[in-house]
Amino acid sequence: MSTPLELDGQTVLVTGASSGLGRHFSMTLAKAGAKVAVCARRADKLASLVEEIEAFDGRAMAFSMDVSDVSSISAAIDNAETELGAISVLVNNAGISVQKNAVDMTPDDYDLLMDTNQKGAYFAAVEMGKRMIAHGHGGSIINIASVAAIRPLAQLSTYCMSKAAVSHMTRALAVEWARYNVRVNAIAPGYIETEMNAEYFASPPGQAFIKRFLRRRVGVPENLDGALMLLATKAGEFMTGEQIVVDDGLNLAM
Ligand SMILES: NC(=O)c1ccc[n+]([C@@H]2O[C@H](COP(=O)([O-])OP(=O)(O)OC[C@H]3O[C@@H](n4cnc5c(N)ncnc54)[C@H](OP(=O)(O)O)[C@@H]3O)[C@@H](O)[C@H]2O)c1
């Protein structure tokens, strides 16, 4: 039997793997021994990630996936399972942010954000859940929510709504799929510097915002590794429907 924090020989799929957290999660999972199906829209970024993983003798393959299109999710999962074997862990991570006052938000902004963060996350989980149930050996689905799921953040109304939905979806699917041994949990990160926010945090308003954080700093993707590995491996076998907040105390300070 493998030690709890290993994923030797298992196949995992990461959505939004082309940058930021998803890219880092893919590296971490590959280093733990998993075969990683890296999925997103930007093929060039995925190809360089696969190269980087292969450079340390890890195993990864890239699959094109647009989470706002259910047939694209389904095709990518099927292709990944054909190439790498049945998937036991989904990191449901793809997401975007639209930062605007609510009075400036357009229906197009709303649809773009919800189609990606809410509908996209839901159908990535559902398409994966269907296959995990059919294979009969269970699995772990890790949804990437946000502290925005817990408390409202300025100029991010639709983002906050979408992440609250991901958070509650986690509990709803955990209840529905417990009998199939499919665990569904979430990680709610605080601010971690990625493509999504690097420009903002480098700006004077971003720097001023950081001063309001309890420990006056933004995180790095590695800060989420503990929660990721707990939920992905046997170490988290007795957990389902949970949301792990990893925010450096942000929630307490704001
Ligand atoms: N960074 C933070 O502080 C923070 C905090 C809390 C939660 N989060 C959440 O963490 C997740 C990752 O964000 P990040 O910070 O790593 O941002 P990022 O660097 O901008 O990465 C977002 C990823 O999502 C993918 N994506 C976007 N739209 C997609 C679509 N329609 N189909 C497939 N993939 C799509 C992008 O890939 P392509 O463009 O190549 O498709 C990219 O790989 C998001 O769900 C975000 O809400 C981030």
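All values reported here derive from a predicted model rather than from experimental measurement. Both counts, for ligands and for their atoms, begin at 1 and track the order of listing. All values below come from the heavy atoms of this structure, side chains included, with hydrogens, waters and symmetry mates left out.
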Let me see the working for Lys130 and Glu127 under salt bridge (charged side-chain N to carboxylate O under 4.0 Å, His left out), right down to the final yes or no.
CA-CA 5 Å; Lys130 265 186 207 171; Glu127 289 300 315; 3.0 Å; yes
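- Numbered from 1 in the order shown, with element, the atoms of ligand 1 that lie under 4.0 Å from a heavy atom of Ala145 read 6 (C), 7 (C).
- Of the possible donor and acceptor atoms, none in the side chain of Ser167 sits under 3.5 Å from a partner among the backbone N and O of Ala149.
- Each of the atoms 1 (N), 2 (C), 3 (O) of ligand 1 lies under 4.0 Å from some heavy atom of Asn197.
- Judged by distance alone, the side chains of Asn79 and Thr82 never bring a donor and an acceptor atom under 3.5 Å apart.
- Residue contacts with ligand 1: Arg42 is placed with a nitrogen or oxygen under 3.5 Å of a nitrogen or oxygen of the ligand (distance criterion only).
- Heavy-atom distances between Lys163 and ligand 1 reach below 4.0 Å in at least one pair.
- Closest non-hydrogen pair, Ala17 versus Ala40, comes out as N-CB, 4.0 Å.
- Summarising the geometry, atom CG belonging to Leu228 is positioned 9.5 Å from atom CG belonging to Asn93; distances are rounded to the nearest 0.5 Å.
- Less than 4.0 angstrom separates some heavy atom of Tyr159 from each of these atoms of ligand 1: 6 (C), 7 (C), 8 (N), 9 (C), 46 (C), 47 (O).
- Residue Asn93 has at least one heavy-atom neighbour below 4.0 Å for each of these atoms of ligand 1: 10 (O), 11 (C), 12 (C), 44 (C), 45 (O).
- Near Gly95, meaning under 4.0 Å from any of its heavy atoms, are these atoms of ligand 1: 22 (C), 24 (O), 27 (C), 44 (C), 45 (O).
- Contacts between Ile96 and ligand 1 below 4.0 angstrom, taking non-hydrogen atoms only, involve the side chain exclusively.
- When all heavy atoms of Gly236 and Arg183 are compared, the closest pair comes out as O-NH1, 2.6 Å.
- Between the side chain of Ser146 and the backbone N or O of Lys163, no donor-acceptor pair lies under 3.5 Å.
- Shown are Ile144, Ile192, Thr28, Ile244; of these, the side chain to side chain contact (heavy atoms under 4.5 Å, CB included) with Leu224 is made only by Ile192.
- With ligand atoms numbered from 1 in the order given, ligand 1 contributes 10 (O), 16 (O), 48 (C) to contacts under 4.0 Å with heavy atoms of Leu21.
- Taking every non-hydrogen atom of Gly20 and a distance limit under 4.0 Å, the qualifying atoms of ligand 1 come out as 16 (O), 19 (O).
- Aromatic ring orientation, Phe213 versus Phe201: perpendicular (interplanar angle above 60°, classes split at 30° and 60°).
- Taking every heavy atom of Ile192 and a limit of under 4.0 angstrom, the matching atoms of ligand 1 come to 1 (N), 2 (C), 3 (O).
- The shell of residues lying under 4.0 angstrom from ligand 1, judged by heavy atoms, excludes Ala148.
- The shortest heavy-atom distance from Met65 to ligand 1 is under 4.0 Å.
- At a heavy-atom distance under 4.0 Å, atoms from both the backbone and the side chain of Asp66 approach ligand 1.
- A distance of 9.5 Å separates NE2 in His137 from CD in Gln10, rounded to the nearest 0.5 Å.
- Every N/O-N/O distance between Tyr191 and ligand 1 stays at or above 3.5 Å.
- The shortest N or O to N or O distance between Gly16 and ligand 1 is under 3.5 Å.
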